[in-house]
Protein chains: 2
Amino acid sequence: MKRKKPTIHDVAAKAGVGLGTVSRVLNDHPAVRHETRARVLRAMEELGYAPNPHARRIAGGRSYTVSVLLPFVATEFYRRLVEGIEGVLLEQRYDLALFPILSLARLKRYLENTTLAYLTDGLILASYDLTERFEEGRLPTERPVVLVDAQNPRYDSVYLDNRLGGRLAGAYLARFPGPIFAIAVEEEPDRAFRRTVFAERMAGFQEALKEAGRPFSPDRLYITRHSQEGGRLALRHFLEKASPPLNVFAGADQVALGVLEEAVRLGLTPGRDVRVLGFDGHPFAEEAGLSTIAQPVEAMGARAAQLLLERMRGYQGPPREVRFEPVLVERASTGTPPAALYVP
Amino acid sequence: MKRKKPTIHDVAAKAGVGLGTVSRVLNDHPAVRHETRARVLRAMEELGYAPNPHARRIAGGRSYTVSVLLPFVATEFYRRLVEGIEGVLLEQRYDLALFPILSLARLKRYLENTTLAYLTDGLILASYDLTERFEEGRLPTERPVVLVDAQNPRYDSVYLDNRLGGRLAGAYLARFPGPIFAIAVEEEPDRAFRRTVFAERMAGFQEALKEAGRPFSPDRLYITRHSQEGGRLALRHFLEKASPPLNVFAGADQVALGVLEEAVRLGLTPGRDVRVLGFDGHPFAEEAGLSTIAQPVEAMGARAAQLLLERMRGYQGPPREVRFEPVLVERASTGTPPAALYVP
DNA sequence: CTGAAAGCGCTTACAG
DNA sequence: CTGAAAGCGCTTACAG
């Protein structure tokens, strides 16, 4: 019933060419005549050929795989990031292996030389601040490493200017009447990761408010974990301190969504009684009509993958820094027409 | 500086044996004299030899890898489950590849024959109810499949008796004076997964309460997402309906933790003013002194891995069902001495 | 631009 | 119990 999977030999025979030629077609080698390539491609098609990645790995002496180490938090941010990385990698016939870092012990194990992650040609490390965990702030690996959503002078780093995002948020909300509140997101203390992005957002936010002549008072800050319910609690808290209309900057879209949810539950009108501004620009924010500071997460992932690919191909230059800028997107939750871009 | 990694040839030469013998030692083949084995092992040690998994895969014609497909939710439950699975797999020199199912589209892609997950020798599917998504409730793959935290008559299934867990909770809380409340956990509607475990827990809970002569009234149920803040909101809600002391069953430890947190914030004493019972038996529950219905997650994962390994080795019998039973663990949050096991 | 050959590092019958 | 050989499905110089 099930015949054996076709191999490169079958393709070569069918196309009437040598093995090497088939391999070249597979690898997009330029030195193949157009017509030959077409013939090989057709043979593959007809045979239903799919290359065996393991054979490729042993013959090529590489793994054709990139490890992505990321915090074990299932948020939309990482979904988008992985999507961005994967897009670039698959195009180059690289596989992506995900290593959720459940603990620091596990991160170290990942880097041991007997482990899967180690057998990989390069790694992308997301959101991890290296300096505090490893000696000299270097990972114990000789493979190329690229950081994303993090920064370190020793590695190529792709990151968002979170402070600028906070500034955009502050400058924007300062235009509205009514008191201004903010929700900061706090990480679980027992995580292997400590992120500074939320603190940076808040710092930029307070900076901009001050410059606008509306300094932020600390008692208008609510701190919660990264959950929608956290946003609900925050709004309740704010409403004990002030009456609508009020303005809320949430450090993450998901939390902002909770503010919106609670506002509606309480019979308040978002965009009028409660103006809500999120941070992230996730797709669900658009559906919810949530104004937000959008970050190009997929593009950041893609860029990180490109930098890594270059390193894996031998690029030896000094560490590179790629800084992305967030953008304010206005929607109904701040009472403005949907999808309009705010240009200061 | 960096010499080439040693191969099986180097080991064979150093130990003064043939290639085959080294391979046999690697694979725990019984037909190797004890002394020979020791010699080979020593040679490996001295050389710092580590087998190349890719070579193994192509020579053996198998991937020596198991795919674990699981929902993209980073909870303690999945951390424990993966740990249990991995323990068994690594022992047998199998690798584990994690595939977080970000969407249904992605699940389908995982099963396509060009994709990584497909190249695997078997798969473990966690928490997924197949029947509603695929024709005839079968996955489009010919590899062995084992379900864990889920049940389907067509596949080996390893699961917890969640209803029993709910019953234990109900029978236990019925012993205490004061009103009884419950918190049900709801899944995000847009997830590719729909889990029935939380509903089963609640059904068992209400069943037991009824049998105890203390039927549960629907207005004492609060529904929230799986977050600690959800527990905080729930307790606030309950306190609007009744005064302490009151009893709360939370469908998940994390939510129960939020109840505890809020109780303390409000100056109430857990175990006296508010009795809280969780569900899961996660390590953090012990630290928090949280009474809970404990499930042996690691053991469930390990069992699933064993069943799969048997199938991969050719076992052809009919689908097997392995049912695990939860256990009530009493701690301070219900006012009882820590770590005592409740035996009805 | 293309073919034939060597080789990647293992596993697996097959003899002995 | 053990060795020598064939083979897994590719990639990569090397000729031409």
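Letters A, B, ... are given to chains in the order of the sequence lines, protein chains preceding strands, and every chain is numbered from 1. In what follows, every heavy atom counts, from backbone to side chain, and hydrogens, waters and symmetry copies are set aside.
By the salt bridge (charged side-chain N to carboxylate O under 4.0 Å, His left out) test, B:Arg80 is found to be paired with B:Glu298, residues two or more places apart in sequence or in another chain being considered. Under the rule for a side-chain hydrogen bond (donor to acceptor under 3.5 Å, both in side chains), the partners of A:Arg33 that lie at least two apart in sequence or sit in another chain are A:Glu35. Judged as a salt bridge (charged side-chain N to carboxylate O under 4.0 Å, His left out), and not counting sequence neighbours, B:Arg62 has no contacts. The side-chain contact (heavy atoms from CB on, under 4.5 Å) search around A:Pro319 returns A:Asp156, not counting sequence neighbours. In terms of the side-chain hydrogen bond (donor to acceptor under 3.5 Å, both in side chains) criterion, residue partners of A:Gln92 (sequence neighbours excluded) are, by chain and number, A:Arg313. For A:Phe324, the ring-ring contact (aromatic ring centres under 6.0 Å, His included) test picks out no residue, with sequence neighbours left out. For the side-chain contact (heavy atoms from CB on, under 4.5 Å) test, residues two or more places apart in sequence or in another chain that qualify with B:Glu321 are B:Gln151, B:Tyr159.
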> Quick one: what's the B/S/- string for nucleotides 9-16 of chain D, heavy-atom cutoff under 4.0 Å, read 5' to 3'?
Replying inline: BBBBB---
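Applying the side chain to side chain donor-acceptor pair (under 3.5 Å) test to residues at least two apart or on different chains, the pairs with a partner in residues 68-77 of chain A are A:Glu76-A:Arg79.
Helical stems in DNA chain D, defined as runs of 3 or more consecutive Watson-Crick or G-U wobble pairs with donor-acceptor distances under 3.5 Å: C:1-3 with D:14-16, C:5-12 with D:5-12, C:14-16 with D:1-3.
Of the residues in residues 31-44 of chain A, those lying under 4.0 Å from DNA chain C by heavy-atom distance are A:Ala31, A:Val32, A:Arg33, A:Thr36.
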Could you tabulate the donor-acceptor pairs under 3.5 Å formed by side-chain atoms of residues 37-51 of chain B, not counting sequence neighbours?
{"unit_1": "B:Arg37", "atom_1": "NH2", "unit_2": "B:His29", "atom_2": "O", "d": "3.1"}
{"unit_1": "B:Arg39", "atom_1": "NH1", "unit_2": "B:Ala15", "atom_2": "O", "d": "2.7"}

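Phosphate contact (OP1/OP2 of D:dG3, side-chain N/O of B:Thr21, threshold under 4.0 Å): present.
In summary, the side chains of A:Tyr94 and A:Ser63 do not present any donor paired with an acceptor at a separation below 3.5 Å, with no hydrogens or angles considered.
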